[in-house]
Amino acid sequence: MIPANTQIQSFLPLKNVSDQELSFEQHDKSKAKKAAFLSSSAQIWKSRLSWRIAAAVFMTILLVQTMIMNFGTVPTFRQRLLTDLRETNSIAIAAMIDPTAGYNKAPFTREQVERLLNISNVTGLTVYSYQSEPIATFGSAPAMAEKNIRTTGYNRYDSQTGLYELVLNAADLKRPYYIAIKIDASDIQDKVAFFITDTIKIMLTMSLFVTSVLMIALGRWLLEPMLFMRSNLLAAFKSPEEPNIPESPFDTRDEVGSAIELTQKLIHQNADNLTRIKSAAEDKIHKLAYYDTLTGLPNRTLFIQSLNEQARQKQDGTADRFAVVAIDLDHFKDINDSMGHNIGDAILRSVARRLRSAMPESAVVSRSGEDEYAIMMPLSADINTARDVAEKVHHVIRSEPFKVFNEAFQVRASIGVATFPDDAIDPDQVLKNADIALNRAKEEGRDTIKEYSEDFDRAVQARFQMLRDLRDAMEHDQLDLHYQPQLDLKTGKLIGAEALLRWFKPDNSKEGGTFVSPADFIPVAEQSGLIVPIGEWVMRTACENAKGWHDEHGIDIRIAINVSAHQFSQSDICAFTQKTIKDIGIDAHKVELEVTESVFMDDISHTIQTLQNLHAIGVELAIDDFGTGYSSLSYLRQFPIDRLKIDQSFIRNALNDQDDASIARTIIALGRALNLKVIAEGVETIEHEQFLIKEGCDEVQGFRYSRPVPAKDFLAFAKAYNNDLKPLD
Ligand code: C2E
Ligand code: MG
Ligand code: MG
């Protein structure tokens with residue numbers, strides 16, 4: 001588009017141009033034309049085409065002229081000379097005739113004839129009577145047959161001898177005689193030869209002239225336009241989008257001129273099309289690179305660019321503070337998994353629409369991840385805190401359910417906010433801070449707003465440090481397993497042990513290090529994926545210990561291993577468990593996996609499948625911390641569960657909080673109804689124990705019997721324990 005316009009504009013008449021400028025322009029133009037002509041005339045002599053045409057024309061002219069000369073001009077010229085000779089001599093002889101002379105004697109005297117022979121080319125003559133009888137002969141006279149004498153206008157030219165014989169009759173002489181004359185016409189050959197050379201010279205000059213004129217005409221009217229057209233095409237070929245082609249100086253009324261005009265139009269059209277296609281492609285690339293295809297909102301890249309722009313304006317002193325809001329839809333994955341991607345996509349689009357229309361023009365609303373959105377909004381007198389923006393967003397999403405395919409979906413969102421420049425002067429950092437606040441909102445139970453605080457950042461830093469230390473701990477064998485006994489409440493027997501991870505982190509203190517609580521490092525391990533190798537190590541170690549106690553000390557107990565929800569989604573826990581059991585040679589029924597209710601929040605069909613597969617191996621399954629999560633009675637029936645583990649908080653409070661006591665009681669009843677074993681954890685006192693015995697709980701675990709202890713201490717406990725539910729000293 002650009003080059004074409006530029007080209008056209010440069011040909012438009014310029015306004016406000018002075019006469020002087022115009023005359024300069026014209027002068028320049030004529031100079032340019034002259035230069036073009038000179039260069040093209042130089043080109044003519046180099047042009048093969050011109051040379052070929054010229055040679056063809058030259059040869060044709062030459063050929064035609066040679067033919068004309070051979071078949072017409074030369075014989076005619078010779079004939080004309082002979083006719084002249086005949087006429088001149090006929091007049092001279094007729095003038096000599098004496099009209100009074102008799103018809104049977106020569107009509108002139110010998111002296112007269114000799115004078116004629118002296119002054120003319122006539123070499124001799126014979127006079128015949130009207131009856132063709134010779135009357136008199138003078139000089140070297142021709143001997144004529146009678147039939148030639150009587151032939152009107154008889155003549156014969158012998159080019160070998162140069163002799164010309166002819167007969168004059170009564171019509172030529174106005175008297176009744178025949179006179180045969182012999183003339184020496186040898187100079188005729190010379191004249192003809194001279195005529196031929198002259199004609200050839202003229203022919204050559206003419207041919208040269210015609211050819212030159214033709215060459216110039218060809219150059220001017222054909223070659224020059226063709227070269228111009230070729231240079232146009234070359235320019236278009238070199239830079240098709242911006243062809244630098246000058247205005248055509250050729251008259252568009254003739255064929256070549258109009259062909260050039262068409263070519264130029266075509267070149268411009270092509271340039272236009274290319275530019276249009278290119279800019280359309282660039283638009284498309286830009287859209288793909290900077291916009292989200294599902295919602296049409298700017299993507300994270302464009303959002304970050306907008307943030308930078310907004311922050312740059314701020315340094316110029318022209319922009320205000322702005323808020324960055326990071327939004328994550330709560331449990332969107334569940335909707336996607338259970339209702340299908342069509343519904344999920346429709347909800348994402350609706351949320352985008354709702355957010356966009358609720359925010360002012362000045363706000364940038366973007367989709368920054370699968371179910372994540374980010375908003376940048378300049379703060380104003382009306383909305384002057386980031387929290388106001390966040391609350392508006394929260395309200396917009398929650399205000400009414402989203403209707404998709406005639407179904408209503410209540411969507412909730414976790415929201416994190418940060419303010420520029422209050423929370424960071426680097427726009428990227430503002431976004432990171434909003435994300436940190438968002439994570440905090442998710443951790444604190446979702447469906448909530450969190451404003452960024454530096455403490456969050458410190459917590460994040462601490463987590464990073466923890467992650468680094470945890471990796472280190474794995475490499476340097478700082479992880480260990482402690483075991484806590486599980487007892488049968490009715491018989492008092494030791495029936496199992498729960499394996500609990502311990503991390504003794506060495507430091508420079510007097511004690512040589514500190515224990516890091518699993519409650520602190522397990523979430524970090526889960527988020528980073530480290531939980532998979534750690535979990536595998538735990539399972540192997542716990543199974544090895546249990547197998548050792550059984551084989552070497554006859555302690556036949558079940559080993560309970562904690563498995564987090566992430567291990568379900570991030571690894572093939574089933575295959576690993578099967579392999580470990582087989583490798584170690586432990587009875588599968590002696591292995592129990594403790595899962596929390598959070599596994600039921602993830603991909604449900606995958607969870608069902610995994611639990612069924614694990615059960616098929618023979619492994620027992622317990623639901624840990626039962627009663628604290630999203631309890632759903634339906635999954636208790638669907639899943640192959642063996643044991644419910646009442647969360648320790650209910651036990652702790654059972655004696656002084658009626659609600660917690662009721663929950664504990666209900667869980668025990670539920671277990672009984674569903675034919676599941678119920679184990680209580682966190683049993684610290686004899687009162688707890690008595691409450692559980694009264695309620696009919698099956699099994700117990702807690703500090704009352706033993707804290708979690710190292711493997712060798714557990715072995716000592718197991719050996720010393722005498723089935724009386726009494727704590728050991
Ligand atoms: P959990 O599985 O519910 O483990 C029981 C927790 O209660 C243990 O805490 C245990 O020391 C503590 N406990 C036991 N009896 C009593 C008692 O009478 N009173 C009190 N106050 N506490 C008692 P611990 O060892 O700190 O573990 C915390 C959590 O860390 C565990 O909760 C479990 O969710 C997780 N965890 C521990 N080891 C592992 C592991 O190997 N893998 C995974 N994924 N998680 C683990
Ligand atoms: Mg547990
Ligand atoms: Mg527990």
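Reckoned from all heavy atoms, side chains included, excluding hydrogens, waters and symmetry mates. Each ligand, and each atom within it, is numbered from 1 in the order the structure gives. Computed from a prediction, not measured in an experiment: that's the story for all the values here.
- E699 and Q486 share no donor-acceptor pair across their side chains, judged by distance under 3.5 Å alone.
- Looking at atom 18 (O) of ligand 1, its nearest protein heavy atom turns out to be F703 N, 2.8 Å.
- In this structure, H589 contributes its side chain and G618 its backbone to a donor-acceptor pair below 3.5 Å.
- For the pair H606 (side chain) and F568 (backbone), a donor-acceptor distance under 3.5 Å is present.
- By the criterion of a heavy-atom distance under 4.0 Å, both the backbone and the side chain of N562 are placed next to ligand 1.
- Here the heavy atom of the protein found nearest to atom 3 (O) of ligand 1 is D625 OD1, 3.1 Å.
- Listed for the R367 side chain is a donor-acceptor partner under 3.5 Å among the backbone atoms of E370.
- Here the closest non-hydrogen pair linking G682 and I651 is O-CG2, 3.9 Å.
- R707 forms a cation-pi arrangement with F703, by the criterion of a distance under 6.0 Å to the ring centre and an angle within 45° of the ring axis.
- Contacts of Q701 with ligand 1, taken as heavy-atom pairs under 4.0 Å, are absent altogether.
- In terms of protein heavy-atom proximity, atom 14 (C) of ligand 1 is closest to Q484 OE1, 3.0 Å.
- For the pair L481/V538, a side-chain contact is recorded, criterion being any heavy-atom separation below 4.5 Å from C-beta on.
- Considering only heavy atoms from C-beta on, Y483 stays 4.5 Å or farther from I557 through its side chain.
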Check against salt bridge (charged side-chain N to carboxylate O under 4.0 Å, His left out), D447 and R398: CA-CA 9 Å; D447 190 22; R398 292 174 53 111; 2.5 Å; yes
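- Of all atoms in ligand 1, listed by their number and element, those nearer than 4.0 Å to a heavy atom of V538 are 41 (O).
- Side chains of H615 and L611 form no contact here, defined as non-hydrogen atoms less than 4.5 Å apart.
- D642 places a side-chain N or O within 3.5 Å of a backbone atom of L621 that can act as its donor or acceptor partner.
- Numbered from 1 in the order shown, with element, the atoms of ligand 1 that lie under 4.0 Å from a heavy atom of S564 read 44 (N).
- With hydrogens left out, the protein atom closest to atom 1 (P) of ligand 1 is D624 OD2, 3.6 Å, a heavy atom.
- Atom 34 (O) of ligand 1 is never approached by the protein to below 4.0 angstrom, counting heavy atoms only.
- Ligand 1 has an N or O atom lying under 3.5 Å from an N or O atom of L501, backbone or side chain.
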Verdict with reasoning, E498 to K645, per salt bridge (charged side-chain N to carboxylate O under 4.0 Å, His left out): CA-CA 12 Å; E498 180 178 7; K645 213 170 173 189; 2.7 Å; yes
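- At a cut-off of 2.8 Å, measuring from the Mg ion (ligand 2), the protein N, O or S atoms that fall short of it are E498 OE2, N562 OD1, E594 OE1, D624 OD2, waters left aside.
- In this structure the side chain of L355 reaches within 4.5 angstrom of the side chain of I397, judged on heavy atoms.
- For atom 4 (O) of ligand 1, the closest heavy atom belonging to the protein is L500 CD2, 3.5 Å.
- Ligand 1 places these atoms under 4.0 Å from at least one heavy atom of G682: 16 (C), 17 (C), 18 (O).
- Only the side chain of I522 comes within 4.0 Å of ligand 1, counting heavy atoms alone; its backbone N, CA, C and O stay farther away.
- Note that atom 41 (O) of ligand 1 has protein non-hydrogen atoms nearby, at separations under 4.0 angstrom.
- Inclusion of R502 in the set of residues having an N or O under 3.5 Å from an N or O of ligand 1 is warranted.
- Of all protein heavy atoms, the one closest to atom 30 (O) of ligand 1 is P518 CB, 3.4 Å.
- Using a 4.0 Å threshold on non-hydrogen atoms, atom 9 (O) of ligand 1 does not count as touching the protein.
- In this structure, the protein non-hydrogen atom closest to atom 11 (O) of ligand 1 is P708 CG, 3.4 Å.
- In this structure the side chain of L329 reaches within 4.5 angstrom of the side chain of Y373, judged on heavy atoms.
- Here E498 has side-chain heavy atoms under 4.0 Å from ligand 1, and that is the only part of it that gets that close.
- Nearest protein heavy-atom neighbour of atom 5 (C) of ligand 1: E681 OE1, 3.4 Å.
- In this structure, a donor-acceptor pair under 3.5 Å is present between the side chains of Q429 and N433.
- Within ligand 1, counting atoms from 1 as listed, the ones closer than 4.0 Å to a heavy atom of E684 are 17 (C), 18 (O), 19 (N), 20 (C), 21 (N).
- The shortest heavy-atom distance from R704 to ligand 1 is not under 4.0 Å.
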Worked check of side-chain contact (heavy atoms from CB on, under 4.5 Å) between E407 and F409: CA-CA 7 Å; E407 290 279 342; F409 293 89; 3.6 Å; yes
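- With a 4.0 Å cut-off on non-hydrogen atoms, Q648 touches ligand 1 through its side chain and not its backbone.
- S598 and T596 are linked by a side-chain donor-acceptor pair at a separation below 3.5 angstrom, with hydrogens and angles left out of the test.
- Using a 4.0 Å cut-off to heavy atoms of G702, the atoms of ligand 1 that qualify are 15 (N), 18 (O).
- A donor-acceptor pair shorter than 3.5 Å cannot be found between the side chains of Q461 and R458.
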